K.L.:
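Sharing a structure below in structure tokens format, with a few things to ask.
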Amino acid sequence: MSDLGIFGPTSVTWRVMGEPILLVGGFRALLMQGLHPRAMRGVLQNSALMDPAEAWSRFQRTTEFVRVRTYGSTEEVERAGRRVRKIHATLTAHDPDTGATFRLDDPAALRWVHVGEVDSYLSVARRAGVRLSDADADAFVAEWRRAAEVVGLKPEDVPGSVGELRDYIEAERPGLRFVPEAAHPLRLSLNAPLPLLLAPLKPALPALTLLAFATLPRWARRLYGLPATPVGDLWATAALRTLHTGIGLVPPQVRYAPAARRARRMMAA
């Protein structure tokens with residue numbers, strides 16, 4: 001296959017994104033998104049994410065989009081991007097703080113979602129022990145400018161290095177908070193029913209959710225009304241490393257999803 005999509009086998013993204021520990025990063029990304037009032041209200045007013053009966057289907061669709069964007073051909077990525085951009089362009093939400101109506105493709109909200117995703121994947125990977133140098137980390141952030149284009153952002157409008165990523169998050173902090181109307185549906189979604197095949201995993205979901213919350217920056221945990229201490233940071237890092245090490249004992253043919261296994265073969269070649 002000559003069309004390797006927007007990343008390819010020489011990218012840091014392919015090396016990082018196939019690791020199963022990144023599932024925690026995905027949950028963390030959703031929690032980061034939840035602290036941007038407009039981004040969260042756009043979800044609350046237009047999505048089944050907060051409906052427990054629909055949460056798993058919504059999660060599957062999001063996971064499939066991430067898979068296609070990471071490993072799909074250019075045509076597959078463009079097709080998925082057009083679908084997402086069309087949905088965002090046709091939906092609106094109401095901001096009760098200002099009385100304004102805004103579109104879901106509001107660049108400020110999309111930028112925060114993008115940054116929350118990149119920061120979450122990178123933070124979880126490095127804390128779990130995935131081998132990434134500082135240069136690798138900068139390259140990962142820069143590569144994800146291509147992913148920003150897929151959802152309708154301009155590459156130059158999103159951070160291109162770890163330093164720019166941190167500066168952007170710090171600048172956004174004064175406007176971040178957890179909107180009160182999200183509290184109840186968020187609690188319900190954390191206990192969403194799973195398909196019968198995955199029902200045995202349900203007891204692990206609270207622990208996974210707890211770990212995702214624990215990996216947030218201290219200021220973010222405080223916005224969620226949670227304890228935020230250095231001890232919590234140490235526990236989260238130790239838990240990530242232990243989990244990543246344990247997963248590493250599973251044979252690669254079982255540990256990695258099919259797309260990640262194919263990517264690893266191409267990287268080795």
Side-chain angles (χ1 to χ4, degrees), residues 2-29 32-33 66-72 74 77 110-151 153-173 212 214-220 230 233-234 236-245 247-248 252 255-257 259-269:
S2 58
D3 186 344
L4 301 174
I6 63 174
F7 294 117
T10 62
S11 68
V12 179
T13 296
W14 270 26
R15 176 150 53 96
V16 171
M17 289 299 293
E19 295 295 337
I21 196 67
L22 266 293
L23 177 62
V24 179
F27 275 85
R28 183 187 188 273
M32 289 288 281
Q33 175 181 340
V66 172
R67 184 198 67 78
V68 170
R69 187 179 56 187
T70 303
Y71 300 113
T74 301
V77 174
L110 287 179
R111 190 177 300 114
W112 175 256
V113 172
H114 168 83
V115 168
E117 190 175 8
V118 176
D119 181 67
S120 293
Y121 289 141
L122 187 58
S123 175
V124 166
R126 299 193 87 179
R127 292 172 71 179
V130 177
R131 293 183 179 179
L132 290 169
S133 67
D134 290 344
D136 289 336
D138 279 334
F140 181 83
V141 177
E143 288 168 4
W144 273 66
R145 281 181 156 176
R146 303 169 202 165
E149 286 188 278
V150 177
V151 297
L153 290 167
K154 296 179 180 179
E156 63 270 21
D157 288 344
V158 299
S161 68
V162 172
E164 291 179 8
L165 192 76
R166 290 172 178 165
D167 289 345
Y168 169 80
I169 292 174
E170 191 63 27
E172 289 294 303
R173 279 183 56 185
T215 62
L216 290 170
R218 271 177 252 167
W219 59 263
D233 296 337
L234 293 172
T237 299
L240 285 172
R241 285 185 176 270
T242 300
L243 184 58
H244 181 57
T245 300
I247 293 172
R255 179 162 83 244
Y256 295 107
R261 290 200 301 271
R262 172 182 166 278
R264 286 173 63 83
R265 288 195 298 270
M266 296 182 70
M267 286 188 289

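All values derive from a computational prediction rather than experimental measurement. Computation of the quantities below employed the complete heavy-atom set of this structure, encompassing side-chain atoms and omitting hydrogens, waters and symmetry-equivalent molecules.
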K.L.:
Measuring from atom CD of Q33 to atom CG of L110, what distance do you get when rounded to the nearest 0.5 angstrom?
P.N.:
9.5 Å
K.L.:
What closest approach, in Å, do R111 and V158 show between heavy atoms, and which atom pair accounts for it?
P.N.:
CG-CG1, 4.1 Å
K.L.:
Are D119 and R28 close enough for a salt bridge, meaning some N to O gap below 4.0 Å?
P.N.:
yes
K.L.:
May I ask you to test the R15-F140 pair for a side-chain heavy-atom distance under 4.5 Å?
P.N.:
no
K.L.:
Under 4.5 Å between any side-chain heavy atoms of Y256 and P20, yes or no?
P.N.:
yes
K.L.:
Tell me, do V151 and H114 make a side-chain contact under 4.5 Å, heavy atoms counted?
P.N.:
no
K.L.:
Just how far is it from atom OG of S133 to atom CG of D138, taken to the nearest 0.5 Å?
P.N.:
8.5 Å
K.L.:
What are the two closest heavy atoms between A236 and R127, and how far apart are they?
P.N.:
CB-NH2, 3.4 Å
K.L.:
Any side chain to side chain donor-acceptor pair (under 3.5 Å) involving residues 154-167? Give me the pairs, sequence neighbours left out, ordered by first then second residue.
P.N.:
none
K.L.:
For S11 and G8, indicate whether the former's side chain and the latter's backbone hold a donor-acceptor pair under 3.5 Å.
P.N.:
yes
K.L.:
Do you know the tightest heavy-atom contact between H244 and G129?
P.N.:
CD2-C, 4.3 Å
K.L.:
Can you find a heavy atom in the side chain of E117 that is under 4.5 Å from one in the side chain of V66?
P.N.:
yes
K.L.:
Give the minimum heavy-atom separation between G18 and A260, together with the two atoms involved.
P.N.:
CA-CB, 3.8 Å
K.L.:
So M17 and F7, do their side chains get closer than 4.5 Å, heavy atoms only?
P.N.:
no
K.L.:
Rounded to the nearest 0.5 Å, what's the gap from OG1 on T74 to CG on L4? Could you check?
P.N.:
8.0 Å
K.L.:
Would you say the side-chain atoms of Y71 and R262 include a donor-acceptor pair closer than 3.5 Å?
P.N.:
no
K.L.:
Would R173 and E170 pass as an ion pair if we require N to O under 4.0 Å?
P.N.:
yes
K.L.:
Kindly say whether M32 contributes a backbone atom to a donor-acceptor pair with the side chain of W112 at under 3.5 angstrom?
P.N.:
yes
K.L.:
Per the side-chain contact (heavy atoms from CB on, under 4.5 Å) rule, which among V124, T70, L22 passes with V16?
P.N.:
L22
K.L.:
Nearest 0.5 Å, please: how far is CZ in R67 from CZ in R69?
P.N.:
12.5 Å
K.L.:
State whether the side chain of T215 and the backbone N or O of A212 hold a donor-acceptor pair below 3.5 Å, judged by distance alone.
P.N.:
yes
K.L.:
Could you go through R264 and W14, starting from their C-alpha distance and side-chain angles, then the distance that decides it, and tell me whether this counts as side-chain contact (heavy atoms from CB on, under 4.5 Å)?
P.N.:
CA-CA 8 Å; R264 286 173 63 83; W14 270 26; over 6 Å; no
K.L.:
Using side-chain heavy atoms (C-beta onward) and a distance below 4.5 Å, is L153 in contact with R145?
P.N.:
no
K.L.:
On a heavy-atom basis, which atom in A220 and which in L216 lie closest, and how many Å separate them?
P.N.:
CB-CB, 4.0 Å
K.L.:
State, to 0.1 Å, how close P159 and Y168 come at their nearest heavy-atom pair, and which atoms those are.
P.N.:
CG-CB, 4.1 Å
K.L.:
Should W144 and T13 count as side-chain neighbours, where that means a heavy-atom distance under 4.5 Å?
P.N.:
yes
K.L.:
Working to the nearest 0.5 angstrom, can you tell me the gap between I21 CD1 and R255 CZ?
P.N.:
12.0 Å
K.L.:
Are any of the side-chain nitrogens in D136 or R126 under 4.0 Å away from the carboxylate oxygens of its partner?
P.N.:
no
